Amino acid sequence: MNRSLHEPMYMFLCSLCVNELYGSAGLFPFLLVQILSDVHTISKLFCFLQVFFLHVYGTVEFFMLGAMSYDRYLAICHSLHYNLQMTPIKVAGITAFVWSFTALSVVVVMSLSTPLQLCGNVIEKVYCDNYSIVKLACSDTTVNNIFGLVYLFTILVSVIVLIFYSYLRILRVCFSGSKQTQQKAISTCTPHLVSLLNFSLAVFFEITQNRFDMSHIPNVLRILLSLYFLSCPPLFNPVIYGLNMSKVRNILKSFALGERV
């Protein structure tokens, strides 16, 4: 294992990639079974299992992108104290907190949905998600809707504030710093910004489909938009970081050439 990749940014990146593999595992095996089957149905148990997979994936992805933006802020704005402020133990603690908090939060969300009496059994998507199940309920869903909105609003606001704060401070340093500082900021922040914008676009498509009437949109387009959330970030992020981060690119070249690293 190459020790040069044992840095906070690459440890966060590793967690991000593991989460994307995890999220893909929550969709594509089920989707493959549905494609090969003559009857496109899923049991309630597997539907809720898929809800857990996909909601954990989305929340962890957003949290990790927020943590990576703060890491970039420390690396650029407090470079002399970076190794003291972002230690491997702190990175492991942040990662463990994100995964455990997310899993617990999703369990709470699902505990409100599982007792609901459902009056329908058709979900207008290629996978199960919590809000689609809530919309099928014929019992009172006021608590589900309020908790879901508070949960979504809290996560979005907290992470967006962290990202904006980090990049505003980075921009301040760039405008007042040297050309070398500006180049370092651009080279280290570009992959993260592209990844963040890609995932934000996917989240926007997902929220739009859940909260608004999409019946006027062609079915094929709706399927593609719903798959964007789970297929494009896992596909694009390795390419984005592999091409733009020199250490990752050099390690991949070494593996391709069969050299020891």
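From a predicted model like this one, the values you see are computed outputs, not experimental measurements.
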Group every Ile, Leu, Val, Met, Phe, Trp and Tyr by side-chain heavy-atom contacts under 4.5 Å, then state whether [X] and [Y] land in the same group.
{"X": "Leu224", "Y": "Phe204", "value": "no"}
{"X": "Val157", "Y": "Val109", "value": "no"}
{"X": "Val56", "Y": "Phe97", "value": "yes"}
{"X": "Val159", "Y": "Leu168", "value": "no"}
{"X": "Leu149", "Y": "Val106", "value": "no"}

Can you confirm whether or not the ring centre of [X] sits under 6.0 Å from the ring centre of [Y]?
{"X": "Tyr131", "Y": "His55", "result": "no"}
{"X": "Tyr165", "Y": "Tyr73", "result": "yes"}
{"X": "Phe53", "Y": "Tyr22", "result": "yes"}

Counting only heavy atoms from other residues, nucleotides and ligands, does the tally under 6.0 Å from [atom1] of [X] exceed 12?
{"X": "Phe147", "atom1": "CZ", "answer": "yes"}
{"X": "Leu221", "atom1": "CG", "answer": "yes"}
{"X": "Phe28", "atom1": "CZ", "answer": "yes"}

Are the side chains of [X] and [Y] in touch, meaning some heavy atoms are under 4.5 Å apart?
{"X": "His81", "Y": "Leu74", "value": "no"}
{"X": "Glu61", "Y": "Asn237", "value": "yes"}
{"X": "Tyr127", "Y": "Leu31", "value": "no"}

Over all heavy atoms of both residues, which pair between [X] and [Y] is shortest? Give the atoms and the distance, please.
{"X": "Ser69", "Y": "Ile163", "value": "OG-CG1, 3.5 Å"}
{"X": "Val150", "Y": "Thr154", "value": "O-OG1, 2.7 Å"}
{"X": "Cys77", "Y": "Arg169", "value": "SG-O, 3.6 Å"}
{"X": "Ile170", "Y": "Cys189", "value": "CD1-SG, 4.0 Å"}
{"X": "Met9", "Y": "Tyr82", "value": "N-OH, 4.2 Å"}
{"X": "Asn198", "Y": "Pro233", "value": "ND2-CA, 3.5 Å"}

Would you check if the side chain of [X] reaches a backbone N or O of [Y] as a donor-acceptor pair within less than 3.5 Å?
{"X": "Asp129", "Y": "Val51", "result": "no"}
{"X": "Asn19", "Y": "Tyr57", "result": "yes"}
{"X": "Ser111", "Y": "Val108", "result": "yes"}
{"X": "Ser43", "Y": "Phe46", "result": "yes"}
{"X": "Ser158", "Y": "Ile155", "result": "yes"}
{"X": "Gln50", "Y": "Gly26", "result": "yes"}
{"X": "Ser195", "Y": "Pro191", "result": "no"}
{"X": "Ser132", "Y": "Cys128", "result": "no"}

Scan side-chain atoms only and decide if Thr142 and Asn145 contain a donor-acceptor pair under the 3.5 Å cut-off.
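The answer is no; no qualifying pair exists.
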Looking only at side-chain N and O atoms, does Thr59 offer a donor or acceptor that is under 3.5 Å from a partner on Tyr151?
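Yes, side-chain donor-acceptor contact under 3.5 Å.
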Between atom [atom1] of [X] and atom [atom2] of [Y], what is the distance when rounded to the nearest 0.5 Å?
{"X": "Leu65", "Y": "Phe12", "atom1": "CG", "atom2": "CZ", "result": "11.5 Å"}
{"X": "Glu206", "Y": "Leu230", "atom1": "CD", "atom2": "CG", "result": "7.5 Å"}
{"X": "Ser200", "Y": "Ile160", "atom1": "OG", "atom2": "CD1", "result": "7.5 Å"}
{"X": "Leu112", "Y": "Ile146", "atom1": "CG", "atom2": "CD1", "result": "11.0 Å"}
{"X": "Leu235", "Y": "Glu20", "atom1": "CG", "atom2": "CD", "result": "9.0 Å"}
{"X": "Arg172", "Y": "Ile76", "atom1": "CZ", "atom2": "CD1", "result": "15.0 Å"}

Does the side-chain contact (heavy atoms from CB on, under 4.5 Å) test come out yes or no for Leu136 and Ile123, once each step is laid out?
CA-CA 8 Å; Leu136 295 176; Ile123 294 178; 3.9 Å; yes
Anything under 30° is parallel, anything over 60° is perpendicular, the rest tilted; go ahead and classify Phe101 against Phe63.
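The arrangement is perpendicular - the two ring planes meet at more than 60°.
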State which residue, out of Phe199, Tyr167, Tyr70, fulfils the ring-ring contact (aromatic ring centres under 6.0 Å, His included) condition with His192.
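Among Phe199, Tyr167, Tyr70, the one that satisfies the ring-ring contact (aromatic ring centres under 6.0 Å, His included) with His192 is Tyr167.
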In sequence, state the C-alpha distance, the side-chain angles, and the governing distance for Leu27 and Leu227, and then conclude on side-chain contact (heavy atoms from CB on, under 4.5 Å).
CA-CA 9 Å; Leu27 170 66; Leu227 288 175; 3.8 Å; yes
Check step by step if side-chain contact (heavy atoms from CB on, under 4.5 Å) holds for Leu45 and Leu49.
CA-CA 6 Å; Leu45 174 62; Leu49 180 62; 5.7 Å; no
side-chain contact (heavy atoms from CB on, under 4.5 Å) between Leu116 and Ile133, worked out:
CA-CA 9 Å; Leu116 293 176; Ile133 295 174; 5.5 Å; no
